[in-house]
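In what follows, residues are counted from 1 in the order of the sequence shown.
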Amino acid sequence: YRRKEGIFMSKKIDEYKMTTILDNLYIKALDGIPAVSKSVDELVDNYLQKNEAPDKAAKALINNQIVKCGTSGFLTGLGGLITLPIAIPANVSSVLYVQLRMIAAIAKIGGFDVRSDQVQTLVYACLTGSAIADVLKRTGIKVGEKITISAINKIPVKVLTSINQKVGFTLLTKFGTKGVVNFVKLVPLAGGVIGAAFDIGSTKIIATNAYNIFIKKQIIPV
């Protein structure tokens, strides 16, 4: 990075590099970070033990994770512990980490295999917010119809690759134009500001996507 007027600026990142970032964060989200966060398996077990039904466990988890995404101090500290092959601001990596972990946990609560390629792609798709229906239209799963685990497992690799690329591009366009991240909008300083694309509001939409797909088992426009 280079510093300019108190703001860190990154090199350009395309949708392919964004997918690499997501892949690395997803593995960390599933496995947890030692002495910082539990694995998704442990997280899910904890919520299922405290709540009598999967939907209630998912809602409790969502409420807790949304609070974390609004806590800049927590995110700044977490971001410093996340190492990635492609450097991005700490608050971006930390918010994505929390969001991916939340979505994966909801998927597991819903009975999905979070380590399958198909479910991983659906987890990424949840990050696109209100664009999710458009991003997933090539899966063959129609908006509003019930989703079965069997149908998800049959999504071809070629389609998964296409969706992942579209997810990467959609995330990039939240920051800038023409598929290039403009991290000038983010200020990753101590106790810093989270960019508009990663605020509490967007996390709520992402959580709704995850709840609809993995708990209600439907793709519903939000």
Side-chain angles (χ1 to χ4, degrees), residues 22 25-33 36-75 78 91 94-116 118-136 139 141-153 167 170-171 174 194 196-222:
L22 291 177
L25 282 172
Y26 190 68
I27 293 172
K28 295 178 186 297
L30 293 185
D31 296 340
I33 297 176
V36 176
S37 59
K38 300 177 182 178
S39 69
V40 162
D41 291 342
E42 293 176 289
L43 183 67
V44 169
D45 287 343
N46 182 50
Y47 277 94
L48 288 176
Q49 288 172 10
K50 293 179 179 179
N51 296 273
E52 57 190 36
D55 61 329
K56 291 185 178 180
K59 287 179 180 178
L61 183 146
I62 287 169
N63 290 335
N64 183 267
Q65 299 305 302
I66 286 174
V67 170
K68 285 186 178 181
C69 279
T71 309
S72 60
F74 169 81
L75 295 173
L78 177 60
N91 60 0
S94 56
V95 173
L96 281 173
Y97 173 85
V98 172
Q99 290 176 340
L100 285 169
R101 189 163 173 263
M102 174 187 70
I103 302 166
I106 293 169
K108 188 170 181 63
I109 289 173
F112 291 83
D113 177 8
V114 294
R115 294 188 184 272
S116 76
Q118 287 81 3
V119 172
Q120 183 174 345
T121 293
L122 289 180
V123 168
Y124 292 177
C126 288
L127 293 172
T128 63
S130 57
I132 188 168
D134 179 62
V135 168
L136 293 179
T139 62
I141 300 171
K142 295 181 180 179
V143 174
E145 287 188 357
K146 284 291 183 179
I147 302 171
T148 65
I149 293 176
S150 175
I152 288 173
N153 290 337
V167 168
T170 302
L171 291 178
K174 285 186 176 183
I194 301 172
F198 293 113
D199 60 11
I200 291 176
S202 69
T203 302
K204 287 181 178 178
I205 295 174
I206 289 168
T208 298
N209 284 339
Y211 188 85
N212 287 339
I213 290 178
F214 300 117
I215 304 299
K216 287 187 174 182
K217 296 179 173 59
Q218 287 181 296
I219 296 175
I220 304 173
V222 292

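T203 and Q65 share no donor-acceptor pair across their side chains, judged by distance under 3.5 Å alone. A donor-acceptor contact closer than 3.5 angstrom is absent between the side chains of T121 and Q118.
Counting heavy atoms from C-beta outward, Y124 and I103 have side chains that stay 4.5 Å or more apart. Between K204 and I62 the shortest side-chain heavy-atom distance does not fall below 4.5 Å. Proximity of F214 to K108: side-chain heavy atoms (C-beta onward) are nowhere separated by under 4.5 Å. Q120 has its side chain out of reach of V114: every pair of non-hydrogen atoms, C-beta onward, lies at least 4.5 Å apart.
Between A207 and I106, the shortest heavy-atom distance links the atoms O-CD1, 4.4 Å. When all heavy atoms are compared, the tightest approach of S130 to I205 is N-CG2, 3.9 Å. Between Y97 and G32, the shortest heavy-atom contact is OH-CA, 3.6 Å. In this structure, V167 and A125 approach most closely via the heavy-atom pair CG2-CA, 3.8 Å.
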- K217 and F112: CA distance, side-chain angles, deciding distance, side chain to side chain contact (heavy atoms under 4.5 Å, CB included) verdict: CA-CA 10 Å; K217 296 179 173 59; F112 291 83; 3.9 Å; yes
- Under the side chain to side chain contact (heavy atoms under 4.5 Å, CB included) rule, what do Y211 and K59 come out as? Steps first, then yes or no, please. CA-CA 8 Å; Y211 188 85; K59 287 179 180 178; 3.3 Å; yes
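Put simply, OH on Y26 and CG on L100 are 8.0 Å apart, with the number rounded to the nearest 0.5 Å. Here OG of S116 is found 6.0 Å from CG of N153. Values are rounded to the nearest 0.5 Å. To the nearest 0.5 Å, atom CG of residue L127 and atom CG of residue L22 are 6.5 Å apart. Atom CZ in R101 sits 13.0 Å away from atom CG in L25 (nearest 0.5 Å). Atom CG of D45 is separated from atom NZ of K50 by 12.0 Å, given to the nearest 0.5 angstrom. Atom CD1 of I33 is separated from atom OG of S39 by 12.0 Å, given to the nearest 0.5 angstrom.
Of the listed residues (V123, T208, L136), just one forms a side-chain contact (heavy atoms from CB on, under 4.5 Å) with I213, and that residue is L136. Screening V135, L122, I147 against I219 for a side-chain contact (heavy atoms from CB on, under 4.5 Å) leaves a single residue, I147.
Side chain of N51 to backbone of Y47: a donor-acceptor contact under 3.5 angstrom is found. N209 places a side-chain N or O within donor-acceptor distance of the main-chain N or O of G129, the cut-off being under 3.5 Å.
Of the charged side-chain nitrogens involved, at least one lies within less than 4.0 Å of a carboxylate oxygen, so that D31 and R115 count as a salt-bridged pair.
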